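Have a look at the structure below before the remarks.
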Amino acid sequence: MNGKMKAVQITEPGKFQVASIDIPKPQHGEVLAEIKSVAICGSDPNILNGKVLKNGWPPYYPFVAGHEFAACVIELGEAVTTLKVGDRVAGEAHCGCGTCEMCMQGYYNLCLNYGNSTAGHHHYGHNTSGCYAQYQVYDQKALTLLPDNVSYDEGALVDTAGTAYNALKLTGVEPGGYTAVIGPGPMGLMSMALAKTMSSKTIVIGRRERLQVAKKLGADYIIDFEKVDDPVEEVRKLTDGLGAHQVIECAGNATAYFEAVQMTRKHGHVALISIPGGDGQEMALKSMIMNQITLHGVRANPNCSKSVLDLISQGGLDIKSLITHIYSIDKIHDAFDTFINRKDGAVKVIIHPND
Ligand SMILES: [Zn+2]
Ligand SMILES: [Zn+2]
């Protein structure tokens, strides 16, 4: 397909605008996708301002970010075997080279060819163009078919849900235990919802409106850290003095990293999803060693999209409740303002690039 499309271009750190640019051409193994729904990720504001994460995101300017999306396949490049025109798909940010040691083991989120597009690696919306656009090209490996009864908007949340699912899987969550979640943002709320689906009792630690959202979405217990002396002690009170079986850290501050370990029971598991702003040297090392706690770094969502989509399709995960706002691409500044400043109870804010 030839022609122009609207895309949100970051032109310099902190500045972005809707521009008219060429529709890209799918190459070997790629498809052209018409982007139907994009969810703003908690990491997107940091990519927009280009300074906080210091990971080379974006790698150049102008750059098109965005990585949480659902789309319709409208054109195939050469050697596409898993998709056809008209397929409805959900996307993932990570596309590994497919041949390195990590990719061969299924950990394509840890591809040893990170940043090497010639080798086939892409981190869409981070070091390769992303989905804040009407169209984008994607490697077929980065796309998963949407079940018929799962909407594009739900599909756009599969990246977040998959990362929460990856965190819980890494902790080895089992039914009947306690899962504590620190930070009831979109990722924390998703982790809570998934932990409930897995028959774990949930304790969410946060404050103000977002904590009330957690309660509304079904958290068994909530702890407002502004209203208690010690959240760790409160978690212990709820768990027969032992602490949670698994703690999912989604707040990204030094206190949260420290308390995540402190509120975990002996031989329990901590999953860290937030990327720390600083050097991340804030762990409670002594507690971790003395209580033989296992710490899991969680990077994205390898091999999780299909499981999460099946769960949504089967009615096991209500993902729609997290969507609070929908904007057209022309209102991108309003959309980010709503998301960043949590206006009107914003949780997941969606863009429809083709409306
Ligand atoms: Zn994301
Ligand atoms: Zn690889």
Side-chain angles (χ1 to χ4, degrees), residues 8 10 29 35 37-49 52-53 55 57-58 63-71 90-132 136 138-144 153-167 183 185-191 194 248-252 271-275 297-305 308-309 319 322-323 335-336 339-340 346-351:
V8 179
I10 309 172
I35 310 295
S37 180
V38 184
I40 298 181
C41 176
S43 66
D44 283 340
N46 290 333
I47 293 171
L48 284 180
N49 71 37
V52 179
L53 295 172
N55 290 354
W57 307 333
F63 184 75
V64 179
H67 61 274
E68 303 190 354
F69 69 97
E92 282 179 32
H94 284 269
C95 174
C97 71
T99 52
C100 76
E101 188 183 334
M102 285 294 104
C103 283
M104 291 301 281
Q105 290 179 31
Y107 303 114
Y108 55 87
N109 57 327
L110 307 175
C111 178
L112 297 177
N113 280 312
Y114 189 94
N116 183 351
S117 59
T118 310
H121 176 273
H122 301 285
H123 193 188
Y124 294 110
H126 295 73
N127 65 17
T128 299
S129 281
C131 58
Y132 288 120
Q136 192 50 275
Y138 286 98
D139 191 292
Q140 58 186 338
K141 295 199 295 290
L143 303 173
T144 306
D153 288 343
E154 290 172 300
L157 299 198
V158 163
D159 186 273
T160 306
T163 302
Y165 180 63
N166 190 25
M187 190 61 78
L189 293 170
M190 199 71 89
S191 301
L194 273 160
I248 314 293
E249 194 291 312
C250 305
L272 307 174
I273 297 185
S274 311
I275 303 173
V298 182
R299 181 150 199 197
N301 43 18
N303 308 301
C304 292
S305 293
V308 167
L309 282 165
I319 208 167
L322 294 180
I323 300 171
F336 268 93
F339 180 78
I340 291 167
V347 180
K348 268 302 197 185
V349 175
I350 296 266
I351 317 290

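For ligands, and for the atoms within them, numbers begin at 1 and follow the listed sequence. Heavy-atom basis, side chains included; hydrogens, waters and symmetry copies ignored. What you are looking at is a predicted structure, and each value in this text was computed from that prediction instead of being measured.
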Per-pair distances, 0.1 Å, donor-acceptor, side chain in residues 101-110, under 3.5 Å, sequence neighbours excluded:
| residue | atom | partner | partner atom | Å |
| --- | --- | --- | --- | --- |
| Y108 | OH | E92 | OE1 | 2.6 |
| Y108 | OH | E92 | OE2 | 3.4 |
| Y108 | OH | N303 | N | 2.9 |
| N109 | ND2 | R299 | O | 2.7 |

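In this structure, D139 and Y124 have side chains that are in contact, with non-hydrogen atoms separated by less than 4.5 Å. Contact annotation: the side chain of S129 approaches that of Q136 to within less than 4.5 Å [non-hydrogen atoms, C-beta and beyond]. At a threshold of 4.5 Å between non-hydrogen side-chain atoms, the residues D44 and Y132 count as touching. At a threshold of 4.5 Å between non-hydrogen side-chain atoms, the residues S191 and I273 count as touching. In this structure, T128 and Y138 have side chains that are not in contact, with every pair of non-hydrogen atoms separated by 4.5 Å or more. Between C304 and T163, every side-chain heavy-atom pair lies at or beyond the 4.5 Å cut-off.
Among protein atoms, those of element N, O or S found less than 2.8 Å away from the Zn ion (ligand 2) are C97 SG, C100 SG, C103 SG, C111 SG. Around the Zn ion (ligand 1), the protein contributes the following N, O or S atoms under 2.8 Å, ordered by chain and number: C41 SG, H67 NE2, E68 OE2.
Ring pair Y114/H121 is tilted by interplanar angle, where 30° to 60° counts as tilted.
Take A90 and apply the side-chain contact (heavy atoms from CB on, under 4.5 Å) test, not counting sequence neighbours, and it matches L146, V158, L309.
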